[in-house]
Amino acid sequence: MGNLLQVNGLTKKFGGVTAVNDVSFHVGEGEIVAVIGPNGAGKTTLFNMISSYIQPTDGEVLFKGKKISGRKIFDLAHLGISRTFQNLQIFSNMTVLENVMMGTSVNIKTNVFSAGFRLPTVKRDEEYAYKAAYEVLTMMEMSDLLHEQAGQLSYGLQKKLEFARAIVYKPQLIMLDEPMAGLNDAETNTMAGYISDLKEKGHSFLFVEHKMATIMQLADRIVVLDFGTKIAEGTPDEIQKNEKVISAYLGEEAI
Amino acid sequence: MEKVETILYGRRWKSFLGFIALILILPLVVSSQYVFTLLILIGIYCIITIGLSLLIGYAGQISIGHAAFVGIGAYVSGVLTVKYSVSPWVAMGIGMVATFIIAYLIGMQVLKLKGHILALATIAINIIVYILLVGLSDYTGGAGGLVGIPNLSLLGLDLGNQVNFYFFVWSIVFVVILFSTNIIRSSVGRILRSIHDSEIGTETLGVNVTKFKVAIFALSAMYASLAGSLYAHYINFIAPPTFYISFSILLLVMVMVGGVHSIWGAIIGTASIMFLNEVIRFVGHTYFNINGEVEIVVYGLIIILVMIFIPKGLVGILDVRKISPVKSSIKKDVTIKKNVASEKGV
């Protein structure tokens, strides 16, 4: 298994505060890696650095051996990395179908003029986007919601929608920022099912999550952050027994 | 399989048919030269406001400087035909291409700005262009304006004739509508609307957001330039004050009154404001003996009232589902709310 994503000594300082301090790990092909840690441990900052939303103070991120830190956000999708957001970034005034069709943008060449003159390529792009979106939405049992306004959906469905949008163009690495947050048990299980199905098909995942049961069930490897520093890395079994992790979660006294 | 476009956005030929019927019927009921002039000017202004609707309503980017691009189009046409005897059609084409390029270059810089700052930057562009129009008096005729701009003629047809020019202008409006709805009903239209909803979300999906914003800004500027050229050849005289900020604001009022999320709204808004303009002028002169620009006061009032009572514009009052090319625009949120939301960022 080659390393799809390699994170080397990533550090982020905000003024005098070090939010992430010298964190290194990797995600292999077809692997699910979870990042966990108490609130304020720097998980989202780490996530944002990997996906180029903020630039690291130090360190670098490699994707398939090529440096990606410092690149434009939209470049990453073209390389094969997609992500979701903790606070959802769906297009609430667009329909479910349109939202997921937007997820195919990477493979769409239509520009203002080809659209205006309605060149033959536009029809091809539209049909491709529609088919891809329809397929994913059917797989996720949302095909009865195609023309619903995304903003009108329940939170759980919006979460599913953002996930569908992130996977529709079949990216190699899918980064999920708290994919289960706010979901009930049934919804959580369904989501976990989608993730392991995609893993079977060779996709890799990097995700931040708080629901321990899900993490232990899904993750191949877990990276634990505390106060911006990586305090442990290992399989779910190893992490559950790790004293540093237990103390970070429960406090020193508990040991 | 049914066409993807139809599945997503329904059919548009009914709106087109209604539009064409209206354009054909109006000359039958209108005989006054005065009303014809008004209808022609409405057509010319519609070309600009349709572009503004794409920019403001769809992409969510404001411009209070589009009069500048109208001015560039008008002056390129005017100067090239009057001073260099270039064919009006060639001049018009040069104006459109030049404006597209100028707007593209400006857009790459100013569209990095957001909200109020972007609005201020576009006002600045308008002022700069105005100063250039006055200052480059060797070419433009300066504050005195440029006279003797020839009428258009097409394949031997004299477009100086009111009725001919009416049909010519509205045919162009139709082409502009066709081109614009083609854009709206494609992946580009979705990208513009998604930028409006979440810029960061759009970027994450691999879309170079700036590229699309700049392209639509330049396209709307090109529409404005086309309208400017038509105006110059119709009125035969142009002067810098026509293309000042007050005109940009008037255009904005038209788009907002009609409904910013629909290009049909732009047309309805343009027509309403133009007629209202005439009414105000008539009433002001006849009953109150006012000779100043009392319209400006009324525009201010209209904007406030529209924002409070009909944020979706006139087109929002009518049954939008039947005339809007975009189904989902009916549920679009209040513009004010949107602005607040877009400033929140991630």
Side-chain angles (χ1 to χ4, degrees), chain A residues 48 51-53 72-79 81-95 97-99 101-118 122-123 125-131 134 146-147 149-152 162 165-166 168-169 171, chain B residues 1-5 7-9 54 60 100 175-176 178-212 214-220 222 261 326-333 338 341 344-346:
Chain A
N48 285 341
S51 47
S52 235
Y53 289 82
K72 302 269 188 210
I73 296 171
F74 60 81
D75 275 344
L76 266 65
H78 289 267
L79 294 172
I81 305 173
S82 75
R83 74 164 285 185
T84 64
F85 294 82
Q86 194 182 332
N87 55 354
L88 293 176
Q89 292 292 334
I90 57 159
F91 310 124
S92 44
N93 290 304
M94 295 167 71
T95 65
L97 184 58
E98 285 183 309
N99 262 274
M101 283 172 79
M102 276 297 299
T104 64
S105 296
V106 163
N107 297 323
I108 284 183
K109 303 269 181 294
T110 307
N111 61 38
V112 168
F113 284 100
S114 63
F117 289 116
R118 197 155 273 195
V122 177
K123 200 182 165 211
D125 277 347
E126 290 298 282
E127 276 169 8
Y128 153 71
Y130 176 77
K131 270 186 197 141
Y134 190 84
L146 295 183
H147 301 291
Q149 202 84 358
Q152 312 279 326
E162 201 190 28
R165 196 182 67 183
V168 65
Y169 83 101
Chain B
M1 191 180 86
E2 207 181 351
K3 266 172 79 184
V4 172
E5 183 195 344
I7 297 172
L8 287 168
Y9 308 113
L54 289 178
F100 187 88
V175 172
V176 168
L178 194 65
F179 195 85
S180 306
T181 46
N182 278 354
I183 292 174
I184 293 167
R185 297 155 66 93
S186 77
S187 58
V188 179
R190 290 194 294 277
I191 286 171
L192 297 180
R193 285 159 55 220
S194 72
I195 293 172
H196 204 160
D197 274 359
S198 164
E199 211 168 308
I200 201 78
T202 312
E203 193 113 349
T204 307
L205 301 175
V207 178
N208 184 345
V209 165
T210 314
K211 196 183 96 183
F212 279 93
V214 173
I216 215 71
F217 182 74
L219 180 75
S220 69
M222 194 173 84
H261 298 303
V326 178
K327 268 196 263 174
S328 51
S329 68
I330 31 172
K331 285 172 190 163
K332 283 245 175 206
D333 227 333
K338 296 292 291 272
K344 271 194 318 213
V346 193

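Please read these numbers as outputs of a predicted model, since none were measured by experiment.
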[X] versus chain B, heavy atoms under 4.5 Å apart: side chain, backbone, both or neither?
X: A:Asn111; result: backbone
X: A:Val112; result: both
X: A:Tyr169; result: neither

Side chain to side chain, [X] and [Y], heavy atoms closer than 4.5 Å:
X: B:Ile200; Y: A:Ile73; result: yes
X: A:Asn93; Y: B:Arg193; result: no
X: A:His147; Y: B:Ile7; result: yes

For chain B, which candidate among [options] shows the most heavy-atom pairs at distances under 4.5 Å?
options: A:Ser82, A:Ser51, A:Ala77; result: A:Ala77
options: A:Ser105, A:Ala115, A:Ser114, A:Gly103; result: A:Ala115
options: A:Pro171, A:Ala129, A:Gly116; result: A:Gly116

Self-check item: Test: A:Glu126 and B:Arg190 ion pair at under 4.0 Å
Solution: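 A salt bridge links A:Glu126 with B:Arg190.
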
Self-check item: Heavy-atom contact with chain A under 4.5 Å, split by part of B:Glu199
Solution: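 Neither part; nothing is under 4.5 Å.
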
Distance from [X] atom [atom1] to [Y] atom [atom2], nearest 0.5 Å?
X: A:Glu98; Y: B:Leu8; atom1: CD; atom2: CG; answer: 5.5 Å
X: A:Arg118; Y: B:Leu178; atom1: CZ; atom2: CG; answer: 7.5 Å
X: B:Asn182; Y: A:Phe113; atom1: CG; atom2: CZ; answer: 13.0 Å
X: A:Asp125; Y: B:Ser187; atom1: CG; atom2: OG; answer: 6.0 Å

Quiz item: With sequence neighbours excluded, what pairs up with B:Phe212 under the ring-ring contact (aromatic ring centres under 6.0 Å, His included) test?
Solution: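 Expected list: none.
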
Quiz item: When you look at A:Tyr53 and B:Glu203, which way does the side chain to side chain donor-acceptor pair (under 3.5 Å) test go after all the steps?
Solution: CA-CA 10 Å; A:Tyr53 289 82; B:Glu203 193 113 349; over 6 Å; no

Exercise. State, to 0.1 Å, how close A:Phe74 and B:Val207 come at their nearest heavy-atom pair, and which atoms those are.
Key: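 So the minimum-distance heavy-atom pair works out to CB-O, 3.4 Å.
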
Quiz item: Where the side chain of B:Asp197 meets the backbone of A:Ser92, is there a donor-acceptor pair that is under 3.5 Å apart?
Solution: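 Confirmed, B:Asp197 side chain pairs with A:Ser92 backbone.
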
Quiz item: In terms of heavy-atom pairs under 4.5 Å with chain A, which of B:Thr202, B:Ile216, B:Leu192, B:Val209 leads?
Solution: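 Answer, by heavy-atom pair count under 4.5 Å with chain A: B:Thr202.
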
Quiz item: B:Ser186, B:Ser194, B:Gly201: which one forms the most heavy-atom pairs within less than 4.5 Å of chain A?
Solution: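 Among the listed options, the one with the most contacts to chain A is B:Ser194.
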
